[in-house]
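Just so it is clear: chains get the letters A, B, ... in the order the sequence lines come, proteins before strands, and each one is counted from 1.
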Amino acid sequence: MTSNTPVAVVGFGAEIVSRGDGRSDAELLAPAVERALEGSGVDPAQVDVLCTAGSEFLGGVVGGIMGAFDAFPGWPPRSHSHLEGDGAFAFHEAWIRLLAGEGRTALVCAFSRPSAADPVSVLALQDDPYVVAPLGIQPATLAALQARALIDAGKWTEDDFARVVAARRPGIASRGHVLDRPYRSSPLRELDCSTVCAGAAAVVLAAGEAASSARRRPAWIRGVAQQLETQSLGSRDLTQSISTAALSTRLGIAGAGLDVLEVHAPYSHQELILVDAIAAAGRVALNPSGGALPADPIMATGLVRIGHAADAIMSGAATRAVGHATNGACLQHNLLCLMEAVEK
Amino acid sequence: MTGRCAVVGTGQTHHAARRSDVSMAGLVREAAERALADAELDWADIDAVVLGKAPDIMEGVMSPELHLGDALAAAGKPIFRAYTSGNAGGMAASMGVGLIRSGLHSRVLVVAFEKQSEADAAGATLQRLPFEARWQGGTGSLFGALCQEYIHRSGAPAHIGDVAALKDRQNALLNPYAQVRRPGLTLEDIAASRMLWDPIRLLHSSPSSDGAAALVIGDDEAASRCSRPAWVHACAVRSEPPVAPLHDSVDPACGRECASAVYRQASISDPASQLDAAELFVPYSWMEPLLLENVGLVAKGQGWRAVDDGLTAIGGGLPVNPSGGLLGANPIGAGGLIRFMEAAMQVRGTAGQHQIDGARLAVGHAAGGYANFVAMWVVGSDRP
């Protein structure tokens, strides 16, 4: 999963809104794009490849992507592909396209305005449409099944989950504050579940010379890889993330040193599973951005994690960083991206 | 472009208005199994999967790759979910090509499908464009307006839509996978069919379909093991804003530029004479003359004459949609991939009864959105 063509992240911008403020997709995305391009050294008119992502289902409008065009830089037509999913997968695609020689620079965009009536009900439709979705199980309940499995296996406790919440959510001073609260779906509490919000993110990629001349300190991509697991919950060991562990080994992350790790964990207990699966060695700064718990712009969240990991390198705070993204109930589909300060 | 890649296997379902004999998983598996069999490969030989279909809302299944992964043996592999209506299949193929050319993958399975019998396609496509008043007509009415404007600009006579429709419907009789096969159909039947969105009549229109298509795309090494690879000489995707002062829906720049890009990549200077076949995204027969011009196969204003003169019929100078095109079957998310696939079948010599003799170079085209998303590729028998 590594390659000889050096590609780096040279810009990142995000616009996260805790409460819907009436802005459209383009109005949310435009400042994120501007921020990502600013300082990247890439001329907006010279972006060769555009890879975008979002969820029209969550937004409640077919063709929702059309509303985002006004935020794209450069004069159209553009080489542009779109996927319905997390921006992290569009990031993977953009990296692939640059390696394939389709250009020297790429812009990845993701936007999310879960303005559909009930985002939770829409996410529930990720389950098998014939035999699981009709049961009307909420995503938090499936996550709770996984959390329960962890407790039963003796791996972690509600106290451990609360510790994650206290570390990630500003304003939650202690575990007690969490454990005092009623369950949303036992053993998970409302605070254990991410706070869904609107947001947009943009990441600029550049290859070879275009990257070295762009920024003083690009975040060089060592590898991006993703892996799907079976959807059948009964066929999986929910107490671990085998796909994330496999990716970590393949990318040379497991057992090696790391400065910053940004994991996409929409539920507190999942952060524990993922960190365990990634198995980085030594002292690692975990989710310095806060992670997904306090702010989860569904379908942009994974790209935000990768952006923050890259930013840690670009700002000089880190030499080696990893971003993770996930989709599907109980961590079914995972992606890892390893970046380093030094071009090999 | 860095690496070479080729189509080494193709497969599609028997398209139908309603495939109640299979679930969505069964539908995609049918196409994928056929593609693997054609490629003489096994599921384990595939190292990445791309799934394309229309927006999730259509069937009401979010992130369909999650539940279809098992049917496609994708557990343990990377999977991408390509989007957009109409050109979803083309965009998925473009992702597949990228995965191979990146040098990181050897054999990619590209699958696209739609199960419209389980979807609300008409309802799903009624939505607001930014800055526009609410549009109640549905997608067909947009095409009706485009075709009217084309007629106004070109002076095309009223029977052109009928001629193009008859050609595609006669071609569909030669395609065992086509959904709509109506032997004995005449021009008069078509001209007398119910008007839907002037000038588009019922028999000018593609059906609503359940269907899937799959390709196996491989690298140089995989192609060397294939007796008849369809080498990808060019591939490009383009988009432009759907609502903008300079956006011309009848002759969109994204279509013109996508076409120029693929002809340039494939070193084609005279597409009409160098190409042996074209599979174009024609959901309503009146779109054929319009698209012939937009993708640079015929001079501006002459598209309708090419149709009228029989240039685009099998046996003509540039057969268009020898498979019967979308009028034969239009599973929205797969229609684009079927065009790309049929172009590959032509240059592999596997198109059966609708094979164009001696075809060595063909173009596949897919268009979607509001005439604002396009994907194209050129495939050939010769290794580039």
Checked A:Trp75, A:Phe89, A:Tyr130 vs chain B; the most non-hydrogen pairs under 4.5 Å come from A:Tyr130
Using the rule side chain to side chain donor-acceptor pair (under 3.5 Å), only one of A:His82, A:Glu56, A:Glu84 pairs with B:Tyr83; which is it? A:Glu56
Heavy-atom cut-off 4.5 Å, strictly under: side chain, backbone, both or neither for A:Leu50 against chain B? neither
In Å and rounded to the nearest 0.5 Å, what is the CG to CG distance from A:Leu125 to B:Leu66? 12.0 Å
Can you tell which part of A:Ser24 gets under 4.5 Å to a heavy atom of chain B, answering side chain, backbone, both or neither? neither
A side-chain contact here means heavy atoms from C-beta on lying under 4.5 Å apart; do B:Val237 and A:Ser79 qualify? yes
What part of A:Ser81 gets within 4.5 angstrom of chain B, counting heavy atoms only: side chain, backbone, both, or neither? both
Is it the case that the side chain of B:Asp56 and the backbone of A:Ser55 share a donor-acceptor pair, with hydrogens and angles ignored and the cut-off at 3.5 Å? no
Residues that A:Arg104 engages under salt bridge (charged side-chain N to carboxylate O under 4.0 Å, His left out), provided they are two or more places apart: none
Which bit of B:Leu68 comes within less than 4.5 Å of chain A, counting heavy atoms only: side chain, backbone, both or neither? neither
Among A:Asp127, A:Val122, A:Asn327, find the residue that satisfies the side-chain contact (heavy atoms from CB on, under 4.5 Å) test when tested with B:Met62. A:Val122
What part of A:Glu93 is in contact with chain B, defined as an atom under 4.5 angstrom from a non-hydrogen atom: side chain, backbone, both or neither? both
Please state whether the side chain, the backbone, both or neither of B:Ala253 comes within less than 4.5 Å of a heavy atom of chain A. both
